[in-house]
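Below, read A as the first sequence line, B as the second, and so on, with proteins coming before strands; counting in each chain starts at 1. As the structure is a computational prediction, the values presented were derived from the model and not from experiment. Worth knowing before you read on, the calculation uses all heavy atoms, side chains too, and leaves out hydrogens, waters and symmetry mates.
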Amino acid sequence: GNSVTQMEGPVTLSEEAFLTINCTYTATGYPSLFWYVQYPGEGLQLLLKATKADDKGSNKGFEATYRKETTSFHLEKGSVQVSDSAVYFCALIGISSGSARQLTFGSGTQLTVLP
Amino acid sequence: DVKVTQSSRYLVKRTGEKVFLECVQDMDHENMFWYRQDPGLGLRLIYFSYDVKMKEKGDIPEGYSVSREKKERFSLILESASTNQTSMYLCASGQGTGETQYFGPGTRLLVL
């Protein structure tokens, strides 16, 4: 079946530091890949997505590139802000008929950015 | 903007009670989902529905049932609440296959 493995947290960074959160996946074919963010007390919001190999998703200074050869979709940001403190989830939607509508999530990575 | 609303932000129930969690979306999406979120486990799919009156089991359906009588509304039912169902419950909706899902704010349920 499909699975997503993401970097264990929590991650604590100083403001303006570089961020990488690793995400690798197991799935058949070419799934669609997503990063969702959950701010304290809120539901999940889509941060970015990529639907085919070598696609780069980007939003709010965050980027992730769909790497088929390494089955990875690592999240990066060049300079984090205190307001980026949140939980980040990597997820995929598989292509098989049974799973084409279902998101499979990683366990989430808590990011705290200190001023 | 897509809006997904959930009937309660916080609920406290007793063991054995019947619990209803309701979710409404305003974008005419065909798919709706119920997840539970637990620390260290991420989100796990309980049930989903791809059409009115249709439902499919997710990864952890035991102890839950669902109802979708109208396209915009998807209800999660705990027939007899137990303490191990204390969790955050998140509803989502989406269109088609392989497409983005949009989440509600969540309901934090405590079963005593």
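Of the atoms belonging to Glu8(A), not a single heavy atom falls under 4.5 Å from chain B. Of the atoms belonging to Arg9(B), it is side-chain heavy atoms, and not backbone ones, that fall under 4.5 Å from chain A. Of the two parts of Gln37(B), only the side chain, counted from C-beta on, holds a non-hydrogen atom closer than 4.5 Å to a non-hydrogen atom of chain A.
Leu43(B) places a side-chain heavy atom less than 4.5 Å from the side chain of Leu44(A). Two residues are said to be in side-chain contact when any heavy atoms from C-beta on lie closer than 4.5 Å; Phe105(A) and Leu41(B) fail this criterion.
When the shell of 6.0 Å around NZ of Lys57(B) is examined, it contains 12 or fewer heavy atoms from other residues, nucleotides or ligands. Within 6.0 Å of atom CD in Glu69(A), more than 12 heavy atoms from other residues, nucleotides or ligands are found, so the atom counts as buried in its surroundings.
With chain B as partner, the option from Gly106(A), Gly108(A), Gly41(A) having the largest number of non-hydrogen pairs under 4.5 angstrom is Gly41(A).
Hydrophobic clustering (ILVMFWY, side-chain heavy atoms < 4.5 Å, transitive): Tyr35(B) and Leu78(B) are in distinct clusters. Leu110(B) and Ile77(B) are not part of a single hydrophobic cluster, where members link through side-chain heavy atoms under 4.5 Å apart. Linking Ile, Leu, Val, Met, Phe, Trp and Tyr residues whenever their side-chain heavy atoms come within less than 4.5 Å places Phe62(A) and Val11(A) in a single cluster. In the hydrophobic clustering of ILVMFWY residues, with side-chain heavy atoms under 4.5 Å counting as a link, Val87(A) and Leu46(A) come out together. Phe48(B) and Leu21(B) fall into different hydrophobic clusters, where Ile, Leu, Val, Met, Phe, Trp and Tyr side chains are chained together by heavy-atom contacts under 4.5 Å.
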Subject >> Test log, rule side chain to side chain contact (heavy atoms under 4.5 Å, CB included), inputs Leu103(A) and Phe33(B) >> reply: CA-CA 10 Å; Leu103(A) 275 168; Phe33(B) 307 83; over 6 Å; no
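With hydrogens and angles ignored, the 3.5 Å screen pairs a side-chain donor or acceptor of Tyr36(A) with a backbone N or O of Gln101(B).
The distance from atom OG of Ser107(A) to atom CZ of Arg44(B), rounded to the nearest 0.5 Å, is 12.0 Å. The CD atom of Glu42(A) lies 11.5 Å from the CG atom of Leu90(B); values are rounded to the nearest 0.5 Å. Taken to the nearest 0.5 Å, the CD atom of Gln45(A) stands 12.0 Å off from the OH atom of Tyr102(B).
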